[in-house]
Amino acid sequence: MSMSKILPVKGARDFYPEEMAMRGWLYRNIRVVSESFGYQEFEGPFLERLELYAAKSGDELVKQQSFVFEDRGGEMIALRPELTPSLARMVATRSQALPRPIRWWSFGPFWRYERPQKGRSREFFQWNIDILGVDTPQADAELAAVAAVFFRNLGLPSSAVRILVNSRTLAEIQLETIGIPSDLRQQTFRAIDRLDKMDQRKWEAYASEVGLSDDQILALQDVLTDTEAWKQSKQLVSFFEAVEKLGVSDYIEYDPSIIRGLDYYTGIVFEARDADRRHRAILGGGRYDDLVSIVGGDPVPGVGFAMGDVVIGLVLEDAGVSPELRPNPAQILLVAFDEASLLQTLSISSELRASGLRAEWYPQADRIKTQLKYADRQGIPIVLILGPDELANGQVTIKDMRSGDQISLDRSDMIEHIGEIL
RNA sequence: GUGGCCGUAGCUCAACGGCAGAGCGCCUGACUGUGGAUCAGGAGGUUGCGGGUUCGAAACCCGUCGGCCACCCCA
């Protein structure tokens, strides 16, 4: 424990090969689903001027929850806490040149200066995927479908995760109908956001503290339990129709209490939760039609979501579908018997690599037993043994660790044989 | 940023004022050309760190760092 006195910084994680294998697996799955819908990978800078975020997210968020420092030129720099503003800038910069629709995705590190807890660290990896230049509900539906297909690919059934959808446009109309004045809208949204965190009495007290009348609170509760209200929204009707055609209806449902915290959302908003609500939101997103113009470009509508690596990992674990990954990539271990055969394994290993195989050689002539044990522990499926007998006959012995079968054959036949059993 | 719970071997934990331990994992041997199973042995600790109380502290007190929980917020 006190092996090293210098610990990782609070909320940062070491990625040993095992964890790195998991991250790589996530990244690969993200790539597969993103690309299957035609999205292109991009990346923004990890460092941004602080002002970029001030533009859109409240100053509280920026000042208290970002890693910020002053560079040597006196510039205030932030470690990026999110990608969407960078994306908006990149799109704004080439707004004229980029063919629409713009379908982009990204996976990279982000930082938030928050108190770490389960499912929340200060340094984390996030998948971002966005479609810009279209404002149709079908585009929103595609993003929800991307998320649903991703879950399905990972082995998370719709009984385990749900994508909950609402429309801010609809929510605003609902508040207006109830007679909640627009200056109470923000706070009312916040109260809605907290609905599932408080019991009813507490929530009512909170709502009344915010300035809502008893009648308004009652009416609001009606609205928030009306699971049919989406039918009043043309937007949502089209959205669910598209979701149906995309074949992911089972994952996606209307939830009038979904609001999302961010100020820049303008239309449909959604988040994914595990069915038992044991964890924070797995991903969250929505439509942001004004953001590109806020960062100084011609208006470009957009919709997208972001998913952190931490919560999805916990959810996969809970569902029992976390993959068993082998950090060691080698397909073949070359086992030597003595100094002479060890040298021979070097040239054989090169030969194997030249034919596209991943081969690792054991770097000292330990007992065969020890070397096989290493292969076993590392999960290397094939061992190539080279001892005096093999050397004398120009042969190699190839052992399949999974079946235990082994065969000695001429060196010229080894690659073909390996190809057969691999 | 506020309040609370917790830090003992790589991991999960025991000892709770009086010799720092177990299981798992790791290494070695039984088995000098063959992994997994079994058995035997071994390595690995300034009890997160710093101070205080005490004859004596892993334990009690204070501080600090880290983890977790609630708040806050969730980009």
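Residue numbers begin at 1 in each chain, while the letters A, B, ... track the order of the sequences. The shown structure was predicted, so the numbers you read here are calculated from the model rather than taken from an experiment.
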Kindly point out which of [options] is positioned nearest to the side chain of [X]?
{"X": "A:R367", "options": "B:G35, B:G33, B:C31", "value": "B:C31"}
{"X": "A:P81", "options": "B:A75, B:G33, B:G35", "value": "B:A75"}
{"X": "A:K373", "options": "B:C73, B:G35, B:A75", "value": "B:G35"}

Any donor-acceptor pair under 3.5 Å between the side chain of [X] and the base of [N]?
{"X": "A:Q371", "N": "B:U34", "value": "no"}
{"X": "A:E390", "N": "B:G33", "value": "yes"}
{"X": "A:K369", "N": "B:U34", "value": "no"}

| message | Could you check whether A:Q138 and A:E142, counting side-chain N and O atoms only, form a donor-acceptor pair closer than 3.5 Å? | response | no
| field | Exercise: do A:E48 and A:S86 side chains pair donor with acceptor under 3.5 Å | value | yes
[atom1] of [X] versus [atom2] of [N]: gap in Å, rounded?
{"X": "A:L283", "N": "B:A75", "atom1": "CG", "atom2": "C1'", "value": "13 Å"}
{"X": "A:F124", "N": "B:C74", "atom1": "CZ", "atom2": "P", "value": "13 Å"}
{"X": "A:I380", "N": "B:G36", "atom1": "CD1", "atom2": "C1'", "value": "15 Å"}
{"X": "A:L334", "N": "B:G35", "atom1": "CG", "atom2": "C1'", "value": "16 Å"}
{"X": "A:F67", "N": "B:G1", "atom1": "CZ", "atom2": "P", "value": "11 Å"}
{"X": "A:L372", "N": "B:C31", "atom1": "CG", "atom2": "P", "value": "18 Å"}
{"X": "A:R260", "N": "B:C73", "atom1": "CZ", "atom2": "C1'", "value": "11 Å"}
{"X": "A:E114", "N": "B:C73", "atom1": "CD", "atom2": "C1'", "value": "6 Å"}

| task | Using the side chain to side chain donor-acceptor pair (under 3.5 Å) rule, take A:Q187 and A:Y206 through it: C-alpha gap first, then chi angles, then the decisive distance, then the call. | result | CA-CA 10 Å; A:Q187 290 199 272; A:Y206 177 76; 5.9 Å; no
[N] to [M] separation - [atom1] atoms, rounded to the nearest Å:
{"N": "B:C16", "M": "B:C60", "atom1": "C1'", "value": "11 Å"}
{"N": "B:G51", "M": "B:A59", "atom1": "P", "value": "13 Å"}
{"N": "B:A58", "M": "B:G50", "atom1": "C1'", "value": "16 Å"}
{"N": "B:G21", "M": "B:G63", "atom1": "C1'", "value": "30 Å"}
{"N": "B:G23", "M": "B:G48", "atom1": "C1'", "value": "23 Å"}
{"N": "B:C5", "M": "B:U28", "atom1": "C1'", "value": "42 Å"}
{"N": "B:C26", "M": "B:G44", "atom1": "C1'", "value": "9 Å"}
{"N": "B:A70", "M": "B:G42", "atom1": "C1'", "value": "46 Å"}

| field | CA sep, side-chain torsions, deciding dist, call: A:R353, A:S349, side chain to side chain donor-acceptor pair (under 3.5 Å) | value | CA-CA 6 Å; A:R353 284 183 211 108; A:S349 75; 3.2 Å; yes
| task | State whether the side chain of A:E75 and the backbone N or O of A:R49 hold a donor-acceptor pair below 3.5 Å, judged by distance alone. | result | no
What does [X] touch in the nucleic acid at a heavy-atom separation under 4.0 angstrom: a base, only the sugar-phosphate, or nothing?
{"X": "A:R194", "value": "sugar-phosphate"}
{"X": "A:L83", "value": "nothing"}
{"X": "A:G308", "value": "nothing"}

| message | Does a side-chain N or O of A:R402 approach OP1 or OP2 of B:G35 to a distance below 4.0 Å, or not? | response | no
| message | Is the phosphate of B:G25 approached by A:R377 (side-chain N or O, under 4.0 Å from OP1 or OP2)? | response | no
Counting only Watson-Crick pairs (N1-N3 plus N6-O4 or O6-N4) and G-U wobbles (N1-O2, O6-N3), all under 3.5 Å, who is the partner of [N]?
{"N": "B:U47", "result": "none"}
{"N": "B:G3", "result": "B:C69"}
{"N": "B:A58", "result": "none"}
{"N": "B:U32", "result": "none"}
{"N": "B:C24", "result": "B:G10"}

| A:R31 charged N/C atom sitting above A:F107 aromatic ring, 6.0 Å / 45° | no
| said: On RNA chain B, does the nearest nucleotide to A:D193 precede the nearest nucleotide to A:T370 from the 5' side, or the other way round? Give the residue. | reply: A:T370
| said: Taking the nucleotide of RNA chain B with the nearest heavy atom to each, does A:D405 or A:R112 sit closer to the 5' end? | reply: A:D405
| field | Output field: ring centroids A:F67/A:W111 closer than 6.0 Å | value | no
| request: Would you check, one step at a time, whether the test side chain to side chain donor-acceptor pair (under 3.5 Å) holds for A:Q395 with A:S408? | output: CA-CA 6 Å; A:Q395 290 193 317; A:S408 294; 4.9 Å; no
Could you pull out all donor-acceptor pairs under 3.5 Å where a side-chain atom in residues 409-420 of chain A meets a protein atom, sequence neighbours excluded?
from: A:R411; atom 1: NH1; to: A:Q344; atom 2: OE1; distance (Å): 3.0
from: A:R411; atom 1: NH2; to: A:E351; atom 2: OE1; distance (Å): 3.3

| Where do A:S167 and A:Q235 land on the side chain to side chain donor-acceptor pair (under 3.5 Å) test, with the steps shown first? | CA-CA 8 Å; A:S167 159; A:Q235 220 176 25; 2.8 Å; yes
Anything under 3.5 Å between a protein N or O and an N or O of nucleotides 66-69 of chain B, put it in a table, one pair a line.
from: B:G66; atom 1: OP2; to: A:K10; atom 2: NZ; distance (Å): 3.4
from: B:G67; atom 1: OP1; to: A:G11; atom 2: N; distance (Å): 2.9
from: B:C69; atom 1: OP2; to: A:K118; atom 2: N; distance (Å): 2.4

